[in-house]
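Shown next, in structure tokens, is the structure this report addresses.
To find a chain, count down the sequence lines: A is the first, B the second, and so on, and within it residues start at 1.
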Protein chains: 2
Amino acid sequence: MNIGEIARRAGVSRSTVSYALSGKRPVSEDTRRKIQQVVDELGYRPSASARALANGRTSTIGLVFPPAGNHYTGMQLDFIGSVVEAAAAYDYDVLLSPSGMDSDRSFQRLLGERRVDGAILMEIRLEDDRADHLAELDFPSVAIGRTAHPEGSWWVGLDHTALVQACVHHLADLGHRRVAFVNRPEQLLRAGYESAHRGLDGFTKAAAERGLTVRTYCCGDDAASGQGCVERILHDDPATTALVTLNEAALGGLYRGLAQAGRHVPRDFSVTGVVASRWAETVTPQLTAADVPAAELGRLAVDLLVERLDHPDAPPRHHLLTPPISLRASTGPAGATRSDATP
Amino acid sequence: MNIGEIARRAGVSRSTVSYALSGKRPVSEDTRRKIQQVVDELGYRPSASARALANGRTSTIGLVFPPAGNHYTGMQLDFIGSVVEAAAAYDYDVLLSPSGMDSDRSFQRLLGERRVDGAILMEIRLEDDRADHLAELDFPSVAIGRTAHPEGSWWVGLDHTALVQACVHHLADLGHRRVAFVNRPEQLLRAGYESAHRGLDGFTKAAAERGLTVRTYCCGDDAASGQGCVERILHDDPATTALVTLNEAALGGLYRGLAQAGRHVPRDFSVTGVVASRWAETVTPQLTAADVPAAELGRLAVDLLVERLDHPDAPPRHHLLTPPISLRASTGPAGATRSDATP
DNA sequence: GTCCGCCATCGAACCGGTTCGACGAAGGAG
DNA sequence: CTCCTTCGTCGAACCGGTTCGATGGCGGAC
């Protein structure tokens, strides 16, 4: 079942078989047919390991994501799916690598043992040692998200700052004056996760611009935390009439918390944020939100990585996406009937 | 940066380096130290491709899941995460393969090109050509789910029949007499997806046992379909007071449909089913459901696969899980106030 | 002092492909 | 008829590890 066996049965040399299959040198029509026939007969496929060893490319890309400790969110799922699909279109396989730190064993495997030709990094931090490490080695990679200093590197990302700003302006336009921000978990914020930081920046900036009274919260990635977070918000400032969130996984909990506090969405309270559309459509009322185009980001990341692999000297490229807010049903004008507004 | 370089710098032969690092033959303490020092200095790591070629094992397992066309559900995400994590603990990498059919290009890559040592199959069908193909080749694999004839093969799975039966009995015990079943999409049922079939069987069987009046529905994997499905249910039989579902992704839509029809959960209408706990807890009221232990299934699948790889002649093993129903807040006694019950 | 055995190390072959340089036959130009 | 190309094919080297059999040096037993 190796190339020598094919060569013998076809009555030619191993190199001829190789050339016939790769087309890298001309082979006479007769021999080509003969070889192809033997190959088809035996169902021969060249060994990926041998090929990788010989030409130094594995035809595999690594997808590096954080360890499972914190739950995966729906966004991450969509990324993974679209990356795999896009990679398959370019004839690349995808190797999953759960990796937190730079010194990580799994990360070392990918790079040190040369298991992959390139890597896609998820869940980028503003100061990201994995990204720094890859840049240092000049290892082909594309980040999903951008670090504090993205110059000279390849990435695709969402303009979280602008997105959250748009959410705040949307609420301010509706007349909301007291707004809360529900961020990702505190440990992620402290670790420097890009979306958490830039989202928070955008929130603070836009709130200042519009002269809003705001509070910001961190919230665990699950329903119970979301519910608790709403309780904190309404306890800290019962006059709050709206919130903006980046936290997809807490969304259901946020809604539950509001319902239990007797706040009707959107009549008494508006909710918006940055969330993948399939999750925005799951809650009732459906969430008015900047839809995260996770699948598109995944596809673009693969496009960029393949370009970088094909042209090692190409100048860095990136894509910064700013999807519009999809108006659904979770936001409305402030100052409608609210029980505790008229004591 | 290859083993020859290490050997030269340490003043020994390549084989000695190999033995020093693998420990497969004794090496004097002095040489071992010298070699280790050079290795550390240069940060040497043996090439995975070369090693795979030499000893015929890639230290990689393939995770085969259906193409992205149909959305991924939360369950699948949890599987992927836990499989990757469990595999890492055994020093295996995970290669993702989107694969529908047996003749699939991607599937051929995995097997034909020997990219992986073994495979884990997700989304098993009762008659599954991928599973048959693997069994025929005697290729080490573990299925998540079991085919119609699982004898002699390795698998982990959920007893969907028993789980759905438990749901039906729970509803019947509460006095519900007219119950609907919301299954996965019709195309998946027709394709023979195991969970859809066994779940339906369990539903039909238990309903007959308890003498219930039932209807069964297929429902797309998204919120809009769920909402539409509830409309169909209430149109077909307005006296329906409960439903059982396997369809995680439609859950939010089911709730919305009920709310829009003026049915309060759980006062007017009970909802239950088989759903991962994190999703059951997202909706309000939280779903009483048999919690799918996706992470545990993933881990067990890896355990079994590794065992099979280590002991090629071991007899087939499997794990059939039947998690209990978690009582939450979405079911209640039938026959409470219902507007259209008293015209 | 000689012989035996063990331990540590080495050299060579092998895994299964790719690729380069060379070589022989056929065909065209002179 | 010879010379020079061109085309198709072959053999050998190489990618970077692993593994087997062989070899050399040393110490202990007699």
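- Proximity of a side-chain donor or acceptor of A:Arg125 to a complementary backbone N or O of A:Gly192 within less than 3.5 Å is not detected.
- At a threshold of 4.0 angstrom between heavy atoms, the contacts of B:Ser18 include nucleobase atoms, whether or not backbone atoms are also involved.
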#### Entry: Reading 5' to 3' through nucleotides 4-14 of chain C, protein heavy-atom contacts under 4.0 Å coded B for base, S for sugar-phosphate only, - for none
----SBBB-B-
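- Comparing the end axes of the helix from C:dG1-D:dC30 to C:dG30-D:dC1, each fitted to five base pairs by superposing C1' atoms of four pairs onto the next four, gives an inter-axis angle of 60° (nearest 10 degrees).
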Return the polar atom pairs (N/O with N/O) between nucleotides 25-27 of chain C and the protein under 3.5 Å, or none.
none

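- Protein atom CZ of A:Arg51 is 19 Å distant from nucleotide atom P of C:dC15, rounded to whole Å.
- Remark: the B:Thr58 side chain and the B:Asp117 side chain contain an N/O donor-acceptor pair separated by less than 3.5 Å.
- Side-chain contact of A:Tyr44 with A:Asn2: a donor-acceptor pair under 3.5 Å is absent, judged by distance alone.
- Atom CG of B:Leu53 is separated from atom P of D:dT18 by 11 Å (rounded to the nearest Å).
- Around atom CZ of B:Arg45, more than 12 heavy atoms belonging to other residues, nucleotides or ligands sit under 6.0 Å away.
- Remark: the A:Tyr19 side chain and the A:Arg14 side chain contain no N/O donor-acceptor pair separated by less than 3.5 Å.
- Ring geometry for A:His318 against A:Trp155 counts as parallel: the plane angle stays under 30°, on a 0 to 90° scale with 60° as the upper cut.
- Residues that satisfy the side chain to side chain contact (heavy atoms under 4.5 Å, CB included) test with A:Ser18, not counting sequence neighbours, are A:Ile3.
- Atom-to-atom, CD of A:Glu113 to P of D:dC15 comes out at 20 Å; the value is rounded to the nearest Å.
- When the P atom of D:dG16 is taken as reference, atom CG of A:Asn55 falls 12 Å away, rounded to whole Å.
- An OP1 or OP2 oxygen of C:dT19 is reached within less than 4.0 angstrom by a side-chain nitrogen or oxygen of A:Lys24.
- One atom, CZ of A:Arg57, and another, P of C:dG17, lie 19 Å apart when rounded to the nearest Å.
- Distance, A:Leu21 CG to D:dG8 C1': 16 Å, rounded to whole Å.
- At distances below 3.5 Å, at least one donor-acceptor pair connects side-chain atoms of A:Arg109 with backbone N or O atoms of B:Asp91.
- Residues A:Ser97 and A:Ser106 bring a donor and an acceptor atom of their side chains to less than 3.5 Å of each other.
- For the side-chain contact (heavy atoms from CB on, under 4.5 Å) criterion with A:Met122, the lone passing option out of A:Val83, A:Ile144, A:Val64 is A:Ile144.
- Taking the side chain to side chain contact (heavy atoms under 4.5 Å, CB included) definition, one finds that A:Asp132 meets it with nothing, sequence neighbours left out.
- Screening B:Asp93, B:Val116, B:Val94 for a side-chain contact (heavy atoms from CB on, under 4.5 Å) involving B:Ile61 leaves a single residue, B:Val94.
- No hydrogens or angles considered: nothing links the side chains of B:Gln108 and B:Glu113 as a donor-acceptor pair under 3.5 Å.
- Proximity of residues 2-10 of chain A to DNA chain C (heavy atom under 4.0 angstrom from any strand atom) is restricted to A:Asn2, A:Ile3.
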